[in-house]
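Here's the structure, in structure tokens; my notes come after.
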Amino acid sequence: MKHTVTDTTRCFRPKSEALQLLIDRGFLHQCTDLETLDEKLQAGPITAYAGFDATADSLHVGHLLPLMAMRWLQKTGHKPILLVGGGTTRVGDPSFRTESRPLLDTAQIEHNLAGIRATVERLFDLSEGQGRIVNNAEWLDEFRFLEFLRDFGTHFTVNRMMTFDSVRSRLEAQQPLSVLEFCYMMLQAVDFVELNQRFDCTLQIGGSDQWGNIVNGVDLGRRSGAELFGFTLPLLTTASGSKMGKTAEGAVWLNPSRLSSFGFWQFWRNVDDADVPRFLKLFTDLPLGEIDRLASLQGQELNEAKKILATQVTGIVHGLAAAEAALQQGEALFSGQEDLTRPTHELPLELLAKPLGLLDLLVNIGFAASNSEARRLIRGGGVRINGSLTMEEARQISEGDLKPGERLTLAVGKRRKALVEFA
RNA sequence: GGAGGAGUGCCCGAGUGGCUAAAGGGGGCGGACUGUAAAUCCGCUGGCUAUGCCUACGUUGGUUCGAAUCCAACCUCCUCCA
């Protein structure tokens, strides 16, 4: 029942290549049993998993950390399982949320799974025997209620479940916690054990907020004689202290259909100087020696490191070609007067049948959250159409504004630029 | 169980009848400077079919021409006593 919690270890010297890498690159936050895990990793290939909710049709940068950790495991010879919560998403993890999550229906979840799969396939080798993507609906859907209670219910005590922060905080806030949500932690524990039985999976990696859920799985495994391990990742914040991954336009999505490669590349190009070394270690495959060299760059030279960071991460997530294109666009756009060359947004041409309000357009492509915000941006002198500043809030867009190819460039501020193609 | 204090916008926090879409700060966004960085300075920061209208100061109801502000009940949090 006791776990050795190893906080970001200072003196521990891992023998396994995998752990060495993960620690050196800054992935370790806590581990249930670092030494034994190290031995297992050293002894031979193990199978590890990380789970993802299917609440949206794309993952976002917040998910990139576990993805990268899993990726390193694969690169060091281990087998990753990417578990998507087709079953658990129908329940909703109550961890650290004050209110219930909305429940999603099966069709929506299916759609989301497809989007997530697209990203995962790019990041991992999922060929036979190398790694796999698994949907926990496969077994969760099969359970009969009484069987489930009999097989697993005996291993959980309400007494202990009540002690979990995720449960307690909800109760203390006098917010309702449904039985459904209460049982979430059982499901995640069952997932771990199920993956252990099916694929000999012995390690779970997750965010630091998943510690409780992960430990539950480790404990449940022990009862059935399996030795399981948990490993959590640090909570990522930017140098300015805020939670990483939010921009003016919202979450930084991994799926190109949600955020263009150019937008994704720009996100990484614009990180704070102070974040560059850490991000290079966590989010690129560059060797540490190379990273040290890049991190030592000073002043304006550090911009080169940022470009490398952006291109590397975009390359991993969107593919090399997209990354190169984004790099070139960025270079062209910020060095000279050259405009974007590839459309970042596509809108139906019919929109221009009637004059289209600039306000609507800004909201439509996500540069403003509301008409009022769009108005303020214009008033503040931050909006450019085809490169020229406009202060006219009531500005209408018509076909006359389009450049060859039915295109229109729209910029908000210096960094947010869109090439809208009407087709 | 008893006594006291508190719940305000994304966050912190001022405000005790009309001048309050709510001081100040943080964060965010826009502008200047710069290196698409940081720091600094300036501006903006609920929504809408917009010189007006709607929504918003824990919840519900009440007093009043008028309530974040007064009253009642309820909910939550904190402190002290038991």
Side-chain angles (χ1 to χ4, degrees), chain A residues 96-99 168-177 237-252 260-280 294-311 313-314 323 326-340 344 354-360 362-385 387-396 409-419:
Chain A
F96 306 97
R97 289 178 181 258
T98 49
E99 285 168 14
R168 229 174 40 208
S169 58
R170 186 77 77 77
L171 293 179
E172 278 171 7
Q174 294 281 69
Q175 293 292 320
L177 177 70
T237 53
T238 64
S240 43
S242 56
K243 200 168 163 195
M244 157 155 183
K246 292 279 180 180
T247 67
E249 280 126 285
V252 178
S260 68
S261 296
F262 176 68
F264 188 76
W265 190 88
Q266 281 296 320
F267 169 78
W268 294 98
R269 171 61 185 79
N270 284 322
V271 299
D272 196 298
D273 282 9
D275 286 326
V276 172
R278 203 161 45 110
F279 287 1
L280 280 168
L294 291 171
S296 68
L297 294 175
Q298 291 300 315
Q300 195 178 162
E301 299 212 307
L302 195 54
N303 280 337
E304 289 311 310
K306 288 187 190 179
K307 283 181 202 163
I308 291 169
L309 171 68
T311 309
V313 185
T314 309
L327 169 67
Q328 277 163 25
Q329 287 215 335
E331 296 273 312
L333 198 54
F334 287 95
S335 62
Q337 278 68 44
E338 204 175 322
D339 262 329
L340 288 163
T344 53
K354 284 183 287 186
L356 173 67
L358 174 58
L359 299 178
D360 290 333
L362 285 168
V363 173
N364 198 312
I365 65 172
F367 279 4
S370 66
N371 280 4
S372 299
E373 190 183 323
R375 243 176 251 273
R376 278 183 233 118
L377 285 169
I378 296 169
R379 213 175 294 162
V383 178
R384 283 164 192 277
I385 300 173
S388 63
L389 189 69
T390 179
M391 299 288 276
E392 196 187 335
E393 290 171 32
R395 180 77 151 75
Q396 304 280 323
T409 59
L410 199 59
V412 169
K414 275 175 301 202
R415 277 162 257 144
R416 283 188 279 170
K417 312 206 183 203
L419 178 61

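Being a predicted model, the structure only gives us computed values, none of them experimental. Residue numbers begin at 1 in each chain, while the letters A, B, ... track the order of the sequences. Just the heavy atoms: all of them, side chains too, but no hydrogens, waters or symmetry mates, feed the values below.
With rounding to whole Å, A:Leu377 atom CG is found 12 Å from B:rG43 atom C1'. Following rounding to the nearest Å, A:Trp265 (CH2) and B:rU36 (C1') show an atom-to-atom distance of 9 Å. Put simply, CZ on A:Arg376 is 21 Å from P on B:rC42, counting in whole angstrom units. Taking atom CD1 of A:Ile378 as the reference point, atom C1' of B:rG31 lies 15 Å away to the nearest angstrom. Rounded to whole Å, atom C1' of B:rG31 lies 11 Å from atom CZ of A:Arg384.
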*Bracket string, RNA chain B, 5' to 3' - pairs by Watson-Crick or G-U geometry under 3.5 Å, | interstrand*: ((((((((.[[[..)..(.....]]]((((((.......))))))(((...)))...[[[[[..)....]]]]]))))))).

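Under 4.0 angstrom from either OP1 or OP2 of B:rG30 there lies at least one side-chain N or O belonging to A:Arg416.
The side chain of A:Ser372 lies closest to B:rA50 when the candidates are B:rC29, B:rA50, B:rA37. Distance from the side chain of A:Asn270 is smallest for B:rU36 among the nucleotides B:rU49, B:rC33, B:rU36. Nearest nucleotide to the side chain of A:Asp272, out of B:rA37, B:rC48, B:rG35: B:rA37.
Side-chain N or O atoms of A:Asn270 include one that pairs as donor or acceptor with a backbone N or O of A:Gln266 at under 3.5 Å.
Spacing between B:rG7 and B:rA68 at atom C1', rounded to whole Å, works out to 12 Å. Nucleotides B:rA23 and B:rA14 have their P atoms positioned 14 Å apart, rounded to a whole Å.
Within 4.0 Å (heavy atoms only), A:Gln266 reaches at least one base atom of the nucleic acid.
Put simply, CG on A:Leu410 and CG on A:Leu419 are 10.0 Å apart, with the number rounded to the nearest 0.5 Å.
Anti is the classification of B:rU20, since its glycosidic angle lies more than 90° from 0.
The residues A:Arg376 and A:Glu373 are annotated as not salt-bridged, no charged nitrogen and carboxylate oxygen being separated by less than 4.0 angstrom.
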